[in-house]
Amino acid sequence: MPRRTEPVETIRGTAHGSAPVPLSVLDLVTVGEGATAAEALRTSVGIAQLAEARGYHRHWVAEHHSMPGVASSSPAVILAHLAARTGRIRLGSGGVMLPNHAPLVIAEQFGTLEALAPGRIDLGLGRAPGTDGATAAALRRTDGGAEGAEDFPQQLAELTRFLDGDFPDGHPYARIHAVPGPVQGSRSRPPIWLLGSSGFSARLAGVLGLPFAFAHHFSAHNTLPALGLYRESFRPSAVLDAPYAVIGVAALAADDEREARRQVLTGALSMLKLRTGRPGLIPTPEAAEAYPFSAPEREFVESWLANIFHGTPDAVREGLDALQRRTGADELMITANAHSGEARLRSYELIADAYDLPREEAC
């Protein structure tokens with residue numbers, strides 16, 4: 001069976017308004033104190049519909065486990081829900097953590113999504129567990145929990161062959177078919193993206209000629225080295241003739257600077273608690289402002305906030321523009337981590353206004 005390829009148009013986006021590159025959304029489906037996962041998921045639907053109506057290119061959700069403050073443990077389920085409530089925007093995983101799953105399972109999940117929303121699905125893959133070691137062990141049913149980095153390329157190759165239905169004759173899986181998939185006549189499948197926060201996936205994406213998404217929002221010091229490695233190692237493929245790099249960036253705009261600071265402080269405190277073994281729901285702005293930070297905790301929080309563009313819409317736009325010029329990113333994927341779903345929705349609306357993005361009716 002011939003190898004299926006996807007047109008470049010399914011990967012490269014179009015910039016709208018005055019944005020220098022396409023703008024997209026990375027959604028962690030955050031759950032704030034006093035809220036529920038059901039409310040967080042409704043907010044995600046609202047964000048996806050707003051993003052579609054305002055010209056954002058894609059909306060991705062990220063796999064996390066055993067974290068009370070996020071509700072995105074099952075990206076494929078969430079994406080099916082979003083696909084039913086939108087009509088144009090690209091939807092995808094940012095990402096699915098490949099070592100947590102059998103490649104055949106992912107191929108069938110995303111083959112199903114492609115059948116539900118043809119030409120709108122992205123399959124972003126990461127090699128981190130998306131959680132702590134004990135939870136990774138529970139997910140993978142192994143003692144050690146983590147797969148070695150050397151296993152990821154093999155898992156990726158297996159997944160790709162399931163998606164394409166092209167295991168060679170004599171292979172143990174040659175007669176196994178991912179369904180929905182090519183055995184049923186499907187001629188399209190989601191484009192694969194590699195995600196990373198260091199150089200491993202950057203180099204692999206380049207060698208394979210795949211699009212690459214870098215987690216600048218929590219690994220800013222590695223952004224330029226990783227993008228340089230991706231571009232230097234890139235080899236043209238049936239998927240791309242030139243590198244295409246997205247960077248995830250944390251940003252939150254509000255009507256005034258003080259309110260933006262209050263909202264992003266909630267996410268920073270949540271991250272501090274997670275990093276110190278005290279994960280929980282995203283605290284309220286009042287709780288974050290009243291928290292008795294020690295000197296080392298205050299240093300961590302201020303360092304974390306330094307990598308979040310927050311403030312008025314014009315200030316956020318200025319920061320995003322400067323980051324895009326500095327990195328040469330082909331697309332900016334914006335994540336807003338805050339207690340309030342309303343604040344997140346408002347932020348995406350204000351950023352769209354700052355870039356004069358179009359207003360269209362959501363499907």
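These numbers come from a predicted model, not from an experiment.
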Visitor: Got a second to check how far His59's NE2 is from Ile89's CD1, nearest 0.5 Å?
Guide: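 Going from NE2 on His59 over to CD1 on Ile89, the span is 7.0 Å.
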Visitor: Nearest 0.5 Å, what's the CZ-CZ distance between Arg42 and Arg85?
Guide: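 Separation between the atoms: 11.0 Å.
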Visitor: Counting neighbours of CZ on Arg235 that are heavy atoms of other residues, nucleotides or ligands and sit closer than 6.0 Å, is the number greater than 12?
Guide: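 Count not over threshold, so no.
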Visitor: Show the numbers, then the answer: is there a salt bridge (charged side-chain N to carboxylate O under 4.0 Å, His left out) between Arg262 and Glu286?
Guide: CA-CA 8 Å; Arg262 293 179 76 242; Glu286 293 75 19; 3.0 Å; yes
Visitor: Looking only at the side chains, is there a donor atom on one of Arg317 and Thr312 sitting less than 3.5 Å from an acceptor on the other?
Guide: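 No, no side-chain donor-acceptor contact under 3.5 Å.
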Visitor: Return the CG to OG1 distance between Leu79 and Thr112, rounded to the nearest 0.5 Å.
Guide: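 If I round to the nearest 0.5 Å, the distance is 12.0 Å.
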Visitor: Assign the ring pair His65 / His101 to parallel, tilted or perpendicular, where the plane angle (0 to 90°) is split at 30° and 60°.
Guide: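 His65 and His101: tilted rings.
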Visitor: A quick test of your reading: do over 12 heavy atoms of other residues, nucleotides or ligands sit less than 6.0 Å from CZ of Arg203?
Guide: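 Not buried by this count: 12 neighbours or fewer within 6.0 Å.
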Visitor: Would you say that Arg325 contacts Pro20 through its side chain, given a criterion of any heavy-atom pair below 4.5 Å between the two side chains?
Guide: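 Not in contact.
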Visitor: Do you know which two heavy atoms are closest between Glu33 and Thr284, and how far apart they sit?
Guide: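 Where Glu33 meets Thr284 most closely, the heavy atoms are OE1-N, 3.8 Å.
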Visitor: Looking at Gly209 and Phe234, what are the two nearest heavy atoms and their distance?
Guide: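 Of all heavy-atom pairs spanning Gly209 and Phe234, the closest is CA-CE1, 3.6 Å.
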Visitor: Test salt bridge (charged side-chain N to carboxylate O under 4.0 Å, His left out) on Asp255 and Arg346; report intermediate values, then the result.
Guide: CA-CA 9 Å; Asp255 293 294; Arg346 179 63 174 160; 2.8 Å; yes
Visitor: Are Tyr173 and His171 close enough that their ring centres sit under 6.0 Å apart?
Guide: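 Yes, the ring of Tyr173 comes within the 6.0 Å limit of the ring of His171, centre to centre.
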Visitor: So if you build clusters from Ile, Leu, Val, Met, Phe, Trp, Tyr with side-chain heavy-atom gaps below 4.5 Å, do Val105 and Leu98 land together?
Guide: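 Different clusters: Val105 never reaches Leu98 through Ile, Leu, Val, Met, Phe, Trp or Tyr contacts under 4.5 Å.
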Visitor: Step by step, work out the side-chain contact (heavy atoms from CB on, under 4.5 Å) result for Ile334 and Phe309.
Guide: CA-CA 10 Å; Ile334 300 167; Phe309 299 115; over 6 Å; no
Visitor: Quick one, Thr14 with His57, criterion side-chain contact (heavy atoms from CB on, under 4.5 Å). Give me CA distance, side-chain angles, the key distance, then yes/no.
Guide: CA-CA 7 Å; Thr14 300; His57 182 53; over 6 Å; no
Visitor: With a 3.5 Å cut-off and no angle check, do the side chains of Asp353 and Tyr348 form a donor-acceptor pair?
Guide: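 Note: Asp353 and Tyr348 side chains miss the donor-acceptor criterion.
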Visitor: Measure the CD1-CE distance between Ile282 and Met67 for me, rounded to the nearest 0.5 Å.
Guide: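 Taking CD1 in Ile282 and CE in Met67, the distance rounds to 10.5 Å.
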Visitor: Mind checking whether Val264 and Phe293 sit in one hydrophobic cluster, side chains of I, L, V, M, F, W, Y counted as touching below 4.5 Å?
Guide: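 Yes, same cluster.
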Visitor: Does some side-chain heavy atom of Ile106 sit less than 4.5 Å from a side-chain heavy atom of Leu123?
Guide: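 In short, these two side chains touch, coming nearer than 4.5 Å.
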Visitor: Examine distances only and state if a side-chain atom of Ser219 and a backbone atom of Ser197 form a donor-acceptor pair shorter than 3.5 Å.
Guide: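 Flag set: sc Ser219 to bb Ser197 pair under 3.5 Å.
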Visitor: With no hydrogens and no angle check, do the side chains of Gln184 and Ser186 hold a donor and an acceptor under 3.5 Å apart?
Guide: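 Result is no, nothing qualifies.
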Visitor: Does a donor on one side chain and an acceptor on the other come within less than 3.5 Å for Ser188 and Glu114?
Guide: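 Judged by distance alone, the side chains do pair up.
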Visitor: Looking at Val249, Leu26, Asn307, Leu28, which hits side-chain contact (heavy atoms from CB on, under 4.5 Å) with His217?
Guide: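 With His217 as partner, Val249, Leu26, Asn307, Leu28 yield a single side-chain contact (heavy atoms from CB on, under 4.5 Å), made by Leu26.
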Visitor: Do the side chains of Arg12 and Glu331 get close enough for a salt bridge, i.e. N-O under 4.0 angstrom?
Guide: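 Salt bridge absent between Arg12 and Glu331.
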Visitor: Should the pair Phe212 and Tyr230 be assigned to parallel (<30°), tilted (30 to 60°) or perpendicular (>60°) ring geometry?
Guide: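 Ring orientation, 0 to 90° scale: tilted.
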Visitor: Return the CZ to CG distance between Arg326 and Leu224, rounded to the nearest 0.5 Å.
Guide: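 Atom-to-atom, Arg326:CZ and Leu224:CG are 5.5 Å apart.
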Visitor: Among side-chain atoms of Glu259 and His310, is any donor-acceptor pair under 3.5 angstrom?
Guide: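 Distance-only check fails for Glu259 and His310.
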Visitor: Do you know which two heavy atoms are closest between Pro211 and Val239, and how far apart they sit?
Guide: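 Heavy atoms only, the tightest pair is CD-CG1, 4.2 Å.
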Visitor: Run the side-chain contact (heavy atoms from CB on, under 4.5 Å) test on Glu63 and Ser73 for me, step by step, so that the C-alpha distance in whole Å, both residues' side-chain angles and the decisive distance to 0.1 Å come before the verdict.
Guide: CA-CA 5 Å; Glu63 178 183 347; Ser73 59; 6.0 Å; no
Visitor: Flag the pair Met271 / Arg275 as yes when at least one side-chain heavy-atom distance between them is below 4.5 Å, and no otherwise.
Guide: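 With C-beta onward as the side chain, the pair touches.
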Visitor: Going by heavy atoms in the side chains, are Val29 and Val70 under 4.5 Å from each other?
Guide: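 No, every pair of side-chain atoms sits at 4.5 Å or beyond.
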Visitor: Using only atom types and a distance under 3.5 Å, with no angle test, would you say the side chain of Tyr355 pairs donor to acceptor with the backbone of Ala15?
Guide: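 No, Tyr355 side chain to Ala15 backbone: no donor-acceptor pair under 3.5 Å.
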Visitor: Quick one: does Glu39's side chain have a donor or acceptor within less than 3.5 Å of a partner on Thr36's backbone?
Guide: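 Flag set: sc Glu39 to bb Thr36 pair under 3.5 Å.
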Visitor: Do Tyr56 and Ile351 touch side chain to side chain, with heavy atoms closer than 4.5 Å?
Guide: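 Yes, side chains in contact.
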Visitor: Quick check: does any side chain N or O of Ser74 sit under 3.5 Å from a backbone N or O of Ala76, one acting as donor and the other as acceptor?
Guide: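 Answer holds: no.
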Visitor: In the single-linkage hydrophobic clustering (I, L, V, M, F, W, Y; side-chain heavy atoms under 4.5 Å), do Ile247 and Leu125 co-cluster?
Guide: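 Yes.
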Visitor: Is it true that Glu52 and Arg90 make a salt bridge, defined as a side-chain N closer than 4.0 Å to a carboxylate O?
Guide: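 Salt bridge absent between Glu52 and Arg90.
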Visitor: Ring centroid separation for Phe167 and Phe162, is it under 6.0 angstrom?
Guide: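 Between Phe162 and Phe167, which both carry aromatic rings, the centre distance is below 6.0 Å.
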Visitor: Flag the pair Thr30 / Arg344 as yes when at least one side-chain heavy-atom distance between them is below 4.5 Å, and no otherwise.
Guide: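 Answer yes - side chains close enough.
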Visitor: Is the positively charged end of Arg189 above the ring of Phe110, judged by distance under 6.0 angstrom from the centroid and angle within 45° of the axis?
Guide: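 No - Arg189 does not lie over the ring of Phe110 by the 6.0 Å and 45° rule.
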Visitor: Exactly one of Thr86, Leu113, Leu116 should register a side-chain contact (heavy atoms from CB on, under 4.5 Å) with Leu91. Which one does?
Guide: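 The option that passes is Thr86.
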Visitor: Might you point out which heavy atoms bring Leu274 and Pro279 nearest each other, and give the distance in Å?
Guide: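 Scanning both residues completely, I find the closest heavy atoms to be CD1-CB, 3.8 Å.
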Visitor: Under 6.0 Å from the CD atom of Glu318, do we count more than 12 heavy atoms belonging to anything else shown?
Guide: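 Counting neighbours around CD of Glu318, 12 or fewer heavy atoms of other residues, nucleotides or ligands fall under 6.0 Å, so no.
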Visitor: Got a second to check how far Asp122's CG is from Ile11's CD1, nearest 0.5 Å?
Guide: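 If we round to the nearest 0.5 Å, Asp122:CG and Ile11:CD1 are 8.0 Å apart.
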Visitor: Mind running side-chain contact (heavy atoms from CB on, under 4.5 Å) on His216 and Leu323 for me, showing each step along the way?
Guide: CA-CA 10 Å; His216 174 83; Leu323 178 65; 3.7 Å; yes
Visitor: Looking at every non-hydrogen atom in both residues, tell me the closest pair between Leu194 and Ala205 and how far apart they are.
Guide: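 Between these two residues, the closest heavy atoms are CD1-N, 3.6 Å.
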Visitor: Test your reading of the model: is there a side-chain donor-acceptor pair from Asp356 to the backbone of Ser18, 3.5 Å cut-off?
Guide: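 Judged by distance alone, no pair lies under 3.5 Å.
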Visitor: Looking at every heavy atom in both Pro191 and Thr10, which two are closest together, and how far apart are they?
Guide: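 It is CG-OG1, 3.9 Å.
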Visitor: Identify whether the distance between the nearest side-chain nitrogen and carboxylate oxygen of Glu289 and Arg258 falls below 4.0 Å.
Guide: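 Answer for the salt bridge query: yes.
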Visitor: Could Glu302 and Arg298 be called an ion pair, given the rule that one side-chain N must be under 4.0 Å from one carboxylate O?
Guide: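 So Glu302 pairs with Arg298 through a salt bridge.
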Visitor: Below 4.5 Å, heavy atoms only, C-beta onward: do Trp304 and Leu272 meet side chain to side chain?
Guide: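 Answer no - side chains too far apart.
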Visitor: Between the side chains of Trp60 and Asp27, is a donor N or O closer than 3.5 angstrom to an acceptor N or O?
Guide: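 Absent: no donor and acceptor within the cut-off.
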Visitor: Would you say Leu210 ends up clustered with Phe152 if hydrophobic residues are merged whenever their side chains have heavy atoms under 4.5 Å apart, either directly or through other cluster members?
Guide: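 Yes, one cluster joins them.
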Visitor: Report yes or no: do Leu345 and Leu350 belong to one cluster of Ile/Leu/Val/Met/Phe/Trp/Tyr joined by side chain heavy-atom distances under 4.5 Å?
Guide: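 No; tracing contacts between hydrophobic side chains, which count when under 4.5 Å, never links both residues.
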Visitor: Less than 4.5 Å apart, side chain to side chain, heavy atoms only: is that true for Met97 and Arg127?
Guide: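 No, side chains not in contact.
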